[in-house]
Amino acid sequence: MKKHRIISRTMVFIAMMTYFFYDNNRRVLFYSNTSSPPMTLHHNRRVDFSMFQPERNNYCPANEEILNSAPMNKNQGNDACSEIMLFLPGVNFAYYGHGSQLNNYIAASMIATSMGVPMLLLEPPLENQKFQKGSQFGCPSEIASLPDGLDLARFPSGLSRLIDHPSWLSRGCSIPACQKIQDYDKLVDSLAEGGYRVAYFHCQDSNRDGKTTKIYVTAAYHVRYRLQFMHDGLEHGGISREQILLWALSLGSTMEEAGHFSNITNTQDFWNFAMALMNRSGILKLQPWIARDIENHIKTFRLPFNYDQTDSDFDAIHIRRGDKLLYESKKEVKKYWKSRGHNHPPVNYIPFEHYLRYYVKDDCVSRGVKTINRDVYLATDDPIIVKEEIATLIKVNGTRDGTLLVDGCYSLKFHFHPTQSDSTAETFHIQHGGPKGDCVSRYERSIAALSDLIILTKSRTFIGEYNSNWGRLVRLMRISMDNCIKIEKGILGVNETVRIKDVRIAFGSEAPLPSGL
């Protein structure tokens, strides 16, 4: 990534004044430092995944006034809805896993904020939906017994059944009322016109008294193409400083943070900072019925540790096998076994024992203790085999209380999702397990999968891999802003501005790409 010149706070101020963000009293809004109260799981309020972030303190709040009140694009003036981006999450992607769809949604949000335009979700009409009750994520109790018709049409469909799209991304804009948008199939066809660029068209929006609205349209793989284009642009200095400043403000940054953002010279550090800003603003907001049912579901686990505290006292390991062994992980499996003298792998996966290599005796030595006790939550799509592997290891290095002693130091007690019994290989992939067409079964799998995601995100140490969308998503949700006071005083290095809660890579690349790639 091409190095940007270090710019002074004065230069940042001059650059940002170009955008003229004002409230109704014509006050410049750069300096607000207010923050919303902490979110908590409750059945009648919308919550977001930021509640699972490692919030160390409250000195890194989002700039709420800019985030919620100011236009995103300097070309829009006081009309925030004159340019918008429509994201069509259901196009060719509704059959993918939860992690893949959530990553794609985050990627689309990255693109919209980088362009400085509001993003709206446009779900397929109910008559175009291929899923019972209108969503690939199934149906909660509120609508499980509802007949198809008006009542169902009032309930969010598609991805919106799961995600409550935040107002700071939509800026209060509504879906434009024009003919091309009403014809969903033609709108989907227009996506082919974009390629690496985001396709767009103009319409006379009757919702805005016939004013012209510029509408960008993107979905699924088009999001990935665009994000790759942006990533390459960052690598080669193809994104202007002005655009980076605007991008930071669109994510709710302070003036000092935006200037700091524009000075980052390492591409990975850049994406980390962008994701920290996005997490702080609350990118993944769960619908209230989803939050309610996740909370109730996790209560049934009876876990011996607290999953919802800032400083969690447990570790988590994600073991993704299944279809990944046929494609993304196949090369790594061969590489692993070849390093151990097997030209022909004895099994088509990397054994569980390899995930435990981070638990080493040196930790006991450095702490001056004989044993370190750890609870470890295991999330996997292969529970029966993993449990067999653990049982084999315990036979050799087990303790009297049934824990596994690793490297003569760590005493590990493992915990699984309670529905993954020894007699069933229960899986939570959106397309696996149970009647695929039954919306109640789909919903139960969604709640189970998201419960795992929350526990993984909140763990003290996470061990996984980036071949999995789940692994990439967990890492993204463990990134938070840090040292904001020092940012404001200009006495902090770029690499000290974000905190990534401990992530260990079991195998494969240790260099994560932006969400969606």
Side-chain angles (χ1 to χ4, degrees), residues 48-49 84-115 117-124 128-131 135-138 156-166 169-170 184 187-188 190-192 194-199 216-231 251 271 274-275 278-279 281-287 290 320 323-324 327-328 428-431 442 445-446 449-450 453 457 466-477 479 512-517:
D48 58 70
F49 269 83
I84 65 170
M85 188 180 94
L86 290 181
F87 174 53
L88 283 57
V91 177
N92 301 324
F93 227 66
Y95 289 97
Y96 283 66
H98 300 88
S100 185
Q101 294 193 52
L102 290 174
N103 272 326
N104 205 239
Y105 171 74
I106 293 174
S109 302
M110 282 286 192
I111 292 169
T113 52
S114 73
M115 295 170 62
V117 298
M119 183 178 97
L120 285 75
L121 302 188
L122 182 63
E123 305 288 358
N128 288 48
Q129 284 279 1
K130 300 179 181 179
F131 304 96
S135 176
Q136 63 270 37
F137 299 104
S157 62
L159 180 66
S160 300
R161 181 75 53 83
L162 181 69
I163 295 296
D164 174 25
H165 190 57
L169 271 174
S170 66
Y184 186 81
L187 188 62
V188 171
S190 71
L191 289 169
Y196 278 104
R197 297 183 179 277
V198 181
Y216 298 94
V217 187
T218 191
Y221 290 107
H222 300 274
V223 168
R224 296 191 173 194
Y225 296 152
R226 178 63 185 177
L227 200 65
Q228 182 65 61
F229 182 75
M230 291 168 57
H231 182 73
L251 291 170
W271 287 117
M275 195 61 212
M278 188 168 279
N279 277 340
S281 297
I283 176 58
L284 286 185
K285 297 181 66 179
L286 298 174
Q287 292 286 13
I290 298 290
R320 179 72 162 93
D323 60 315
K324 291 293 180 182
Y327 305 103
E328 292 94 332
F428 309 135
H429 192 283
I430 199 168
Q431 287 299 105
R442 278 184 170 273
R445 294 199 300 277
S446 293
L450 292 170
L453 174 63
T457 301
Y466 296 144
N467 285 323
S468 164
N469 275 289
W470 228 224
R472 296 196 296 274
L473 183 60
V474 169
R475 180 190 180 275
L476 288 174
M477 302 314 297
I479 301 175
L513 290 172
S515 179
L517 291 184

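All values reported here derive from a predicted model rather than from experimental measurement.
- At a threshold of 4.5 Å between non-hydrogen side-chain atoms, the residues Met275 and Met110 count as touching.
- You'll find the side chain of Pro89 stays beyond 4.5 Å of the side chain of Gln101, heavy atoms only.
- Taking CG of Leu86 as the reference point, atom CE of Met119 lies at 10.0 Å (rounded to 0.5 Å).
- Two residues are said to be in side-chain contact when any heavy atoms from C-beta on lie closer than 4.5 Å; Leu169 and Thr113 meet this criterion.
- Every residue two or more places apart in sequence or in another chain that forms a side-chain contact (heavy atoms from CB on, under 4.5 Å) with Ser468 is listed here: His318, Arg320, Glu465, Trp470.
- Residue Ile290 comes nearest to Arg161 through the heavy atom pair CG1-O, 3.8 Å, listed as atom of the first residue, atom of the second, then distance.
- Once rounded to the nearest 0.5 Å, the distance linking CG of Asp164 with CG of Leu121 reads 10.0 Å.
- For Gln129, the side-chain hydrogen bond (donor to acceptor under 3.5 Å, both in side chains) criterion is met by no residue, not counting sequence neighbours.
- Atom CH2 of Trp271 sits about 4.5 Å away from atom CG of Leu227, to the nearest 0.5 Å.
- With sequence neighbours excluded, the residues that form a ring-ring contact (aromatic ring centres under 6.0 Å, His included) with Phe93 are Tyr96, Tyr221.
- Interatomic distance, Ser109 OG to Leu284 CG, rounded to the nearest 0.5 Å: 8.0 Å.
- In this structure, the side chain of Gln136 does not engage the main chain of Phe131 through any donor-acceptor pair within 3.5 Å.
- Residues Glu123 and Gly158 come closest through the heavy atom pair OE1-CA, 3.5 Å.
- For Thr218 against Met85, the heavy-atom pair with the smallest separation is CG2-CE, 3.7 Å.
- When all heavy atoms of Leu88 and Val217 are compared, the pair lying nearest together is CD1-CG1, 3.9 Å.
- When every heavy atom of Pro166 is checked against every heavy atom of Lys285, the shortest pair comes out as CB-CD, 3.5 Å.
- Looking at residues two or more places apart in sequence or on another chain, you find no side-chain contact (heavy atoms from CB on, under 4.5 Å) involving Asn92.
- A heavy-atom distance below 4.5 Å is not found between the side chains of Leu476 and Ile283.
- To the nearest 0.5 Å, atoms CG (Leu122) and OH (Tyr184) are separated by 6.0 Å.
- Considering CD1 of Ile84 and OH of Tyr216, their distance stands at 11.0 Å, rounded to 0.5 Å.
- With sequence neighbours excluded, the residues forming a side-chain hydrogen bond (donor to acceptor under 3.5 Å, both in side chains) with Tyr466 are Arg475, listed by chain and number.
- Scanning all heavy atoms of the two residues, the minimum distance from Ser446 to His98 falls at OG-NE2, 3.0 Å.
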Using the side chain to side chain contact (heavy atoms under 4.5 Å, CB included) rule, take Leu159 and Asn104 through it: C-alpha gap first, then chi angles, then the decisive distance, then the call. CA-CA 11 Å; Leu159 180 66; Asn104 205 239; over 6 Å; no
Report the C-alpha separation of Asn469 and Lys324 in whole Å, then their side-chain angles, then the decisive distance to 0.1 Å, and conclude whether the side chain to side chain contact (heavy atoms under 4.5 Å, CB included) test is met. CA-CA 10 Å; Asn469 275 289; Lys324 291 293 180 182; 4.1 Å; yes
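- For the side-chain hydrogen bond (donor to acceptor under 3.5 Å, both in side chains) test, no residue two or more places apart in sequence or in another chain qualifies with Ser157.
- By the ring-ring contact (aromatic ring centres under 6.0 Å, His included) test, Tyr105 pairs with His165, sequence neighbours left out.
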